Amino acid sequence: MEHEGIFRMWLERKPIFKNREYLRPTYTPERLPHREEQIHQLARILVAPLRGETPSNIFIYGKTGTGKTATVKYVIKELEKVGKELQRRVEGIYVNCEMVNTRYRVLATLVNCLVGGDRGARGVPMTGWPTDAVYDCFLRSLDSTERVVVIVMDEVDRLVAKNGDDVLYDLTRINSELRSTKVSVIGISNDARFTTYLDPRVKSSLGEEEIVFPPYNAIQLKDILEQRASEAFNPRVLGEGVIQLCAAHAAREHGDARRALDLLRVAGELAERDNTGMVTVEHVRRAYEKVEQDKMMELIRTLPSQSKLVLYSVLLLTEKGRNRITTGEVYEAYRRICRSGGVDVLTPRRVSDLISELDMLGVISTQLISSGRYGRTKEIVLNISPVQLRAALQEDDSISTIDVLTLPRQLTLM
DNA sequence: AATCCACAGGAAGCCCGGGAAC
DNA sequence: GTTCCCGGGCTTCCTGTGGATT
């Protein structure tokens, strides 16, 4: 009886998702709305080697979630297709410099991609060889057969920040060392200032062609969401205005399509849990709160410990029901907390800065008020619920071990 | 008008860890 | 290895300030 009920419940549940993979950021869609311009530019540049000309290198810039990676991957796939039709060998190699972030690793990865595509696995080990030997090996495997190779360096700023630009220097001038094969390098970055750190030679070579990916506006986001939603959701499960609302939220955050898709997916998951068979704007609203809250919790967890202690002081005062929390009160509470926890006590000046930082991060809000004769100070309010804040803060050892027995008494003496 | 509170927030410099240059 | 430099966290010292109070 019981068991039957459980299964019936699941059977009767109307499925929301057809395939939620389409909403994940890793998925590369077939069509990329509002990126025609960029696709066109890329194609114009990349077609050169197919005509036997030396290709330009390309630098791509755009904020997160503006479709840089997806567009490049798409164009390269198309390029490989056309190459096959023309009986020319075209190979795209994708390197994410966030993981592959040294000269050695980049070269090794490239060799292994080239050789692996050729015949079985017999490549360069991930460590051990002298880097120059890997470079030679790279040159030889490139030139072994005539072909066009497009090397995509995603998040290339990470590589340079950690390592300097010597690999990029290798890559951008590699064409002069090759007889038959032609190489084009595409660098992708979301930091526009990144090129200023480059060696001028690399800079001019990589920046031969520059493509900018502007943020999406709300209307464009709506198109993107609609297209993905038609693949991801079952028909007629999306309520009125759901997509518009997701698009509007993401548009406010510098047009990040990834966040828009995230929002839509979380809304769908919430609706699934509700088992009403329908995603409503209310779900989006809750999804937005959840996503924001997750972000905030993560932010608090990664705060430096002194900031956490200051925040903890604000929390305790809030929990005690203080209605006007001022800088002075926070400092006094903070001082006692530190002392009872055996932690160094910072000066009021520094704590004042920490309070301002917390304000900037949006964890608290402050307002400058003047009580005339009774001085000028900041009034402080928490921007998140005390319960959640406590949960996030208590993961920190230095706070969870603070003497909970003596502290409340000390604070009530204030 | 002068005073004065309770801070805000600027300026300069100390300390320390880490990375580059020698 | 040593030395140098840099940046971030922090302290010290400082000047500035809106408005109730005198």
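All chains are named by letter (A, B, ...) in the order of the sequence lines, taking the proteins before the strands, and each is independently numbered beginning at 1. What you see is a predicted model, and the numbers here were worked out from it, not measured in a lab.
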Whether [X] contacts [N] is assessed here as follows: a side-chain N or O lying under 4.0 Å from the phosphate OP1 or OP2. Is that the case?
{"X": "A/Thr327", "N": "B/dA8", "answer": "yes"}
{"X": "A/Thr377", "N": "B/dA6", "answer": "no"}
{"X": "A/Arg350", "N": "C/dC10", "answer": "yes"}
{"X": "A/Lys378", "N": "B/dG9", "answer": "yes"}
{"X": "A/Ser352", "N": "B/dA8", "answer": "yes"}

Donor/acceptor link under 3.5 angstrom from A/Arg349 side chain onto base of B/dG10: yes
Do A/Phe233 and A/Phe17 make the cut of ring centroids closer than 6.0 angstrom?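 Yes, ring centres under 6.0 Å apart.
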Name the residue closer to the 5' end of DNA chain C, choosing between A/Val345 and A/Arg376 according to the nucleotide with the nearest heavy atom.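 Looking at DNA chain C, the more 5' nearest nucleotide goes with A/Val345.
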Take A/Gln306 and A/Ser371, find for each the nucleotide of DNA chain C with the closest heavy atom, and name the residue whose nucleotide sits nearer the 5' end.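 Looking at DNA chain C, the more 5' nearest nucleotide goes with A/Gln306.
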Between A/Tyr216 and A/Arg35, is there a cation-pi geometry (under 6.0 Å to ring centre, at most 45° from the normal)? yes
Compute both the distance and the angle, then confirm whether A/Lys73 meets the cation-pi test with A/Tyr94: under 6.0 Å from the six-membered ring centre, within 45 degrees of the axis. yes
Nearest-angstrom distance from the residue atom [atom1] of [X] to [atom2] of [N]:
{"X": "A/Glu357", "N": "C/dC10", "atom1": "CD", "atom2": "C1'", "result": "12 Å"}
{"X": "A/Leu368", "N": "B/dA6", "atom1": "CG", "atom2": "C1'", "result": "11 Å"}
{"X": "A/Leu303", "N": "C/dG8", "atom1": "CG", "atom2": "P", "result": "17 Å"}
{"X": "A/Ile325", "N": "B/dC7", "atom1": "CD1", "atom2": "P", "result": "13 Å"}
{"X": "A/Asp359", "N": "B/dA8", "atom1": "CG", "atom2": "P", "result": "12 Å"}
{"X": "A/Ile369", "N": "B/dA8", "atom1": "CD1", "atom2": "C1'", "result": "13 Å"}
{"X": "A/Tyr374", "N": "B/dC5", "atom1": "OH", "atom2": "P", "result": "11 Å"}
{"X": "A/Glu332", "N": "B/dC7", "atom1": "CD", "atom2": "C1'", "result": "15 Å"}

For the residue pair A/Asn190 / A/Thr64, report whether a side-chain donor-acceptor contact shorter than 3.5 Å exists. no
Ignoring hydrogens and angles, state whether a donor on the side chain of A/Asn57 or A/Thr172 is under 3.5 Å from an acceptor on the partner side chain.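 Their side chains do not contain a donor-acceptor pair, so the 3.5 Å distance test is not met.
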Looking at C/dT21, C/dT12, B/dC7, which one has an atom nearest to any side-chain atom of A/Thr326?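 So the side chain of A/Thr326 is nearest to B/dC7.
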